[in-house]
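Everything below concerns the one structure shown next.
All values reported here derive from a predicted model rather than from experimental measurement.
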Amino acid sequence: MTRSLAILGSSGHGKVIADTAMTSGWRKIEFYDDAWPDKHSNERWQIVGCSGALMDALQHIDSVAVGIGRNDARLVRLREMVAKNVSLATIVHPQAAVSRFAEVTPGAVVLAGGVVSVDSRVGLGAIINTGATVDGDCVIGDGAHLCPGAHLASNVTVGEGSFIGIGAVVREGVTIGAQVVVGAGAVVLHDVPNGTTVKGVPAR
């Protein structure tokens, strides 16, 4: 693969996307960030312009990824691009395991060691971070983030923009609402309503 990838957002998440993309065979990677021109690089990669420059350069770019870690900001940017018919990249690390019968929406990211099992769906701009696992028949909402080592049993729903902390575990059949924060290491045994923060074992 020699196609070009533009990444909007040069944060730590942007760097992880770039590294994963290179591991997956992408060769030409450029960053765009609204901190430009004050910020010219993020250590390893050059930042070539702001978000406006990215939109002007689309004819020379094959696909775009959004490297913004904050769920709400990432989703806003992605939906703007969808409205403009921008080609969004789906970034899946070669050491991830994604079922042929799962759906990973363009703009989503599945990092090293991530697992997405049969008949699960990963929404627009969702992040399945390092070593996170999604069992069968799960639905991961747009803009959600499963942090490293988070584990979902089967038939779990995670709402839009929710954040599942490092090492959290969610029991089968649980519905986690939109804009929920699940603390690191929490064990979620029951449904969680929209906009709630839960933590602990069991999560409360």
Side-chain angles (χ1 to χ4, degrees), residues 1-96 98 103-114 116 121-132 140-148 160-164 166 178-179 181:
M1 180 186 296
T2 58
R3 295 182 300 157
S4 59
L5 176 68
I7 301 175
L8 177 62
S10 60
S11 66
H13 180 54
K15 292 195 292 184
V16 170
I17 288 177
D19 181 57
T20 302
M22 290 182 69
T23 303
S24 304
W26 295 83
R27 290 291 173 259
K28 183 180 179 183
I29 296 173
E30 295 179 336
F31 274 90
Y32 294 80
D33 195 295
D34 285 336
W36 183 90
D38 294 328
K39 185 177 181 181
H40 292 280
S41 71
N42 60 353
E43 299 172 12
R44 215 160 260 96
W45 294 277
Q46 182 182 8
I47 300 169
V48 300
C50 63
S51 56
L54 168 59
M55 301 310 290
D56 291 339
L58 285 175
Q59 60 182 332
H60 306 297
I61 295 167
D62 292 305
S63 291
V64 176
V66 176
I68 298 172
R70 213 176 89 183
N71 289 352
D72 55 351
R74 182 174 67 257
L75 192 51
V76 165
R77 292 290 195 164
L78 282 162
R79 284 176 170 164
E80 288 172 353
M81 292 183 184
V82 168
K84 295 178 180 178
N85 295 315
V86 174
S87 175
L88 296 175
T90 303
I91 307 295
V92 177
H93 195 283
Q95 292 178 5
V98 177
E103 178 185 355
V104 179
T105 304
V109 177
V110 184
L111 300 180
V116 182
R121 181 184 186 277
V122 178
L124 174 72
I127 301 169
I128 310 302
N129 216 317
T130 310
I140 311 303
D142 294 350
H145 183 175
L146 271 63
C147 289
E160 180 176 304
S162 286
F163 181 92
I164 312 299
I166 291 173
Q179 313 303 327
V181 175

For this session: Please list, chain by chain and in numerical order, all residues satisfying side-chain hydrogen bond (donor to acceptor under 3.5 Å, both in side chains) with E30, sequence neighbours excluded.
Result: Y32
For this session: Quick one: which residue pairs count as a ring-ring contact (aromatic ring centres under 6.0 Å, His included) with a foot in residues 41-63, not counting sequence neighbours?
Result: F31-W45
Exercise. Does any non-hydrogen side-chain atom of I61 lie less than 4.5 Å from one of K28?
Worked result: no
Problem set entry | Any side-chain heavy-atom pair of I68 and L75 under 4.5 Å | no
For this session: Using the test side-chain contact (heavy atoms from CB on, under 4.5 Å), find all partners of P37 that sit at least two apart in sequence or belong to another chain.
Result: H40
Exercise. So, do T20 and W26 sit near enough that their side-chain heavy atoms are less than 4.5 Å apart?
Worked result: no
Exercise. side-chain hydrogen bond (donor to acceptor under 3.5 Å, both in side chains) with D19: which residues, sequence neighbours excluded?
Worked result: none
For this session: Could you list all the salt bridge (Lys or Arg N to Asp or Glu O under 4.0 Å) pairs where at least one residue sits in residues 71-83, not counting sequence neighbours?
Result: D34-R77, R70-D72, R79-D142, R79-E160
For this session: Decide yes or no on side chain to side chain donor-acceptor pair (under 3.5 Å) for S10 and D33, but give the supporting numbers first.
Result: CA-CA 6 Å; S10 60; D33 195 295; 2.8 Å; yes
For this session: Would you indicate whether the side-chain heavy atoms of L146 and I127 approach each other to under 4.5 Å?
Result: no
Exercise. Among pairs that include at least one residue of residues 84-93, which meet side chain to side chain donor-acceptor pair (under 3.5 Å), considering only residues two or more places apart or in two chains?
Worked result: S63-S87
Exercise. Which residue pairs pass the salt bridge (Lys or Arg N to Asp or Glu O under 4.0 Å) test with at least one member in residues 38-55, sequence neighbours excluded?
Worked result: K15-E43
For this session: Examine distances only and state if a side-chain atom of T130 and a backbone atom of L111 form a donor-acceptor pair shorter than 3.5 Å.
Result: no
Exercise. Residues two or more places apart in sequence or in another chain: which of them pass side-chain contact (heavy atoms from CB on, under 4.5 Å) with V110?
Worked result: V92, A96, V98, V104, V116, I128
Problem set entry | N129 side-chain N/O to H145 backbone N/O, donor-acceptor pair under 3.5 Å | no
Exercise. Run the side chain to side chain contact (heavy atoms under 4.5 Å, CB included) check on V82 and L124 step by step: do they pass?
Worked result: CA-CA 10 Å; V82 168; L124 174 72; 4.2 Å; yes
Seminar exercise, completed: S11 meets the side-chain contact (heavy atoms from CB on, under 4.5 Å) criterion, sequence neighbours left out, with H13
For this session: Can you measure from CD1 (I140) to CD1 (I164) and round to the nearest 0.5 angstrom?
Result: 8.0 Å
